[in-house]
Amino acid sequence: MNQAAVKIPKVEAIPPTGAHVPLIERYLERLPFEPGDPLVSLQEGSTPLLRAPVLSELVGATVRLKLEGANPTGSFKDRGMTCAVSAAVRDGAKAVICASTGNTAASAAAYAARAGITCAVIVPEGKIAQGKMAQTLVHGARVISLKGNFDQALTLVRELTDTHPIVLVNSVNEYRIEGQKTAAFEIHEGLDGGLEALCIPVGNAGNITSYWRGFREMGAAPKLFGFQAEGAAPLVEGRVIEHPETVASAIRIGNPVRWEDAMAAARDSRGAIRVVSDAEILAAYRLLASKEGMFCEPASAASVAGLLKYGADGAEQIVCVLTGRGLKDPETAIANNDGKVIQCVAERGPIEEAVLGDP
Ligand code: F0G
């Protein structure tokens, strides 16, 4: 089964998607804002929910992918950031700061640029993907490369914001959680309340917390299955990991700030938080790209790796959240694929051989 086997249905009922409306406008009644408040938006949210025929076949259920990489800066962080930065501007802030494995930094930098305020980010040295670094720099943020890991960076920014008038936009900030819960609204609406299980990568654990809040507000209770990378699985091991390691740099976190909330989300939804290896993450990453046509970043593929490894407790309607776009991390993509580049001189014969010859 592949995409080519899917036929255009005769009658297409196109649901209103809310596309082209900033997320805060779309869900104003459910967010902590009032008409007339400042709005800092890049038209985030309203992301696609894509059927995944190959995965569905493999799992024996209907699997869809929530494409959060379709947000303006290429990750789900924009949902929280439109709220965090709009609130910061409303409250008179002139600067925002975050610790980040890359995506929060890129998103904060973009929304701060849009708002005309300054942004500083602290990132673990040598551990953030090139695309994210490129975004953060081009948006004009001050980038501090820390000789340390994400958890140390977060501790330091929390101390800094205790003593300086700079707004912290990590997911300790409630506006981040509020904004990110809207992805649950979209899935709930998109599936007419039919979702049974959600698979999601877990790092600092803000996003799983947000989804659970969102589903609860909709009166829904799908099972939430969160996945951590083997070398960075504090929630699964029940202890802080001092030196987290994984190929999925976005979730290379040893002491998640939303620890209790994430455990509660898994428990109360009758789901679980489980572990997937780097090899399983990369296998899912390649499968998504080569069979579903969907290029996500490695951390995002943890959701699919987990579904393939553990199943979803018999659920028939499943959504995997693809949290970020593949182009964020070109190095990992180039180092992990089965494709090859064929060198060729500019002549007819060699070109024919290169294109049509045995691979
Ligand atoms: N997927 C991606 C692509 C991420 O960037 C992150 C987190 C997660 C999943 C995990 O989400 O932290 O809410 O559990 N990235 C943060 C950052 C930590 O700094 O960009 P979470």
Side-chain angles (χ1 to χ4, degrees), residues 66-71 73-81 84 97-110 121-124 127-129 131-133 135-136 141 143 146 149-151 153-154 157 168-173 176-177 179-181 183-184 198-214 224-229 232-236 244 246-259 261-263 265-266 273 276 281 284-285 295-306 320-329 332:
K66 183 65 171 163
L67 304 183
E68 289 294 278
N71 277 296
T73 77
S75 86
F76 70 96
K77 304 287 181 180
D78 297 345
R79 294 182 184 274
M81 209 55 75
I97 191 167
C98 65
S100 181
T101 56
N103 280 325
T104 303
S107 185
V121 309
I122 306 190
V123 297
K127 297 292 183 187
I128 84 163
K132 304 174 190 182
M133 179 61 94
Q135 290 178 283
T136 309
V143 179
L146 186 76
N149 62 31
F150 170 85
D151 303 293
L154 186 55
V157 286
L168 182 61
V169 295
N170 281 104
S171 52
V172 277
N173 181 321
R176 286 277 313 279
I177 304 296
Q180 287 172 205
K181 76 184 181 186
L198 184 92
C199 299
I200 182 169
V202 175
N204 213 19
N207 213 23
I208 191 169
T209 302
S210 307
Y211 272 87
W212 185 236
R213 187 183 291 181
L224 301 196
F225 294 103
F227 298 102
Q228 299 206 288
L235 300 181
V236 180
T246 167
V247 67
S249 59
I251 52 171
R252 191 175 170 275
I253 293 174
N255 189 12
V257 72
R258 292 279 178 176
W259 187 307
D261 294 326
M263 296 311 285
I273 302 200
V276 285
I281 290 173
Y285 171 78
F295 182 27
C296 64
E297 65 172 285
S300 307
S303 61
V304 171
C320 293
V321 184
L322 297 190
T323 46
R325 193 161 268 248
L327 284 172
K328 292 271 189 181
D329 188 352
T332 303

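Below, all heavy atoms of this structure are taken into account, side chains as well, without hydrogens, waters or symmetry copies. Each ligand, and each atom within it, is numbered from 1 in the order the structure gives. Sequence positions, counted from 1, serve as the residue numbers for this chain.
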So what's ligand 1 close to, N/O to N/O, under 3.5 Å?
residue, atom, partner, partner atom, Å
ligand 1, 1 (N), Thr323, OG1, 2.7
ligand 1, 5 (O), Asn103, ND2, 2.8
ligand 1, 12 (O), Asn204, N, 2.7
ligand 1, 13 (O), Gly206, N, 3.1
ligand 1, 13 (O), Asn207, N, 2.8
ligand 1, 14 (O), Gly203, N, 2.8
ligand 1, 14 (O), Asn204, N, 3.3
ligand 1, 14 (O), Ala205, N, 2.7
ligand 1, 15 (N), Lys77, NZ, 2.9
ligand 1, 19 (O), Ser100, OG, 2.7
ligand 1, 19 (O), Thr101, N, 2.8
ligand 1, 19 (O), Thr101, OG1, 3.3
ligand 1, 19 (O), Thr104, OG1, 3.2
ligand 1, 20 (O), Ser100, OG, 3.4
ligand 1, 20 (O), Asn103, N, 3.1
ligand 1, 20 (O), Thr104, N, 2.8
ligand 1, 20 (O), Thr104, OG1, 3.1

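Scored by the salt bridge (Lys or Arg N to Asp or Glu O under 4.0 Å) test, Arg325 finds no partners at all (sequence neighbours excluded). Here Arg79 pairs with Glu68, Glu186 under the salt bridge (Lys or Arg N to Asp or Glu O under 4.0 Å) rule; sequence neighbours left out.
Residue pairs meeting the side chain to side chain donor-acceptor pair (under 3.5 Å) criterion with at least one member in residues 199-209, sequence neighbours excluded, are Gln180-Asn207.
In terms of heavy-atom proximity, Ala301 sits nearest to Cys296 at N-SG, 3.9 Å. The nearest pair of heavy atoms linking Ala84 to Arg176 is CB-CG, 4.2 Å.
Checked by atom type, the side-chain pair Thr323/Ser300 shows a donor-acceptor distance below 3.5 Å.
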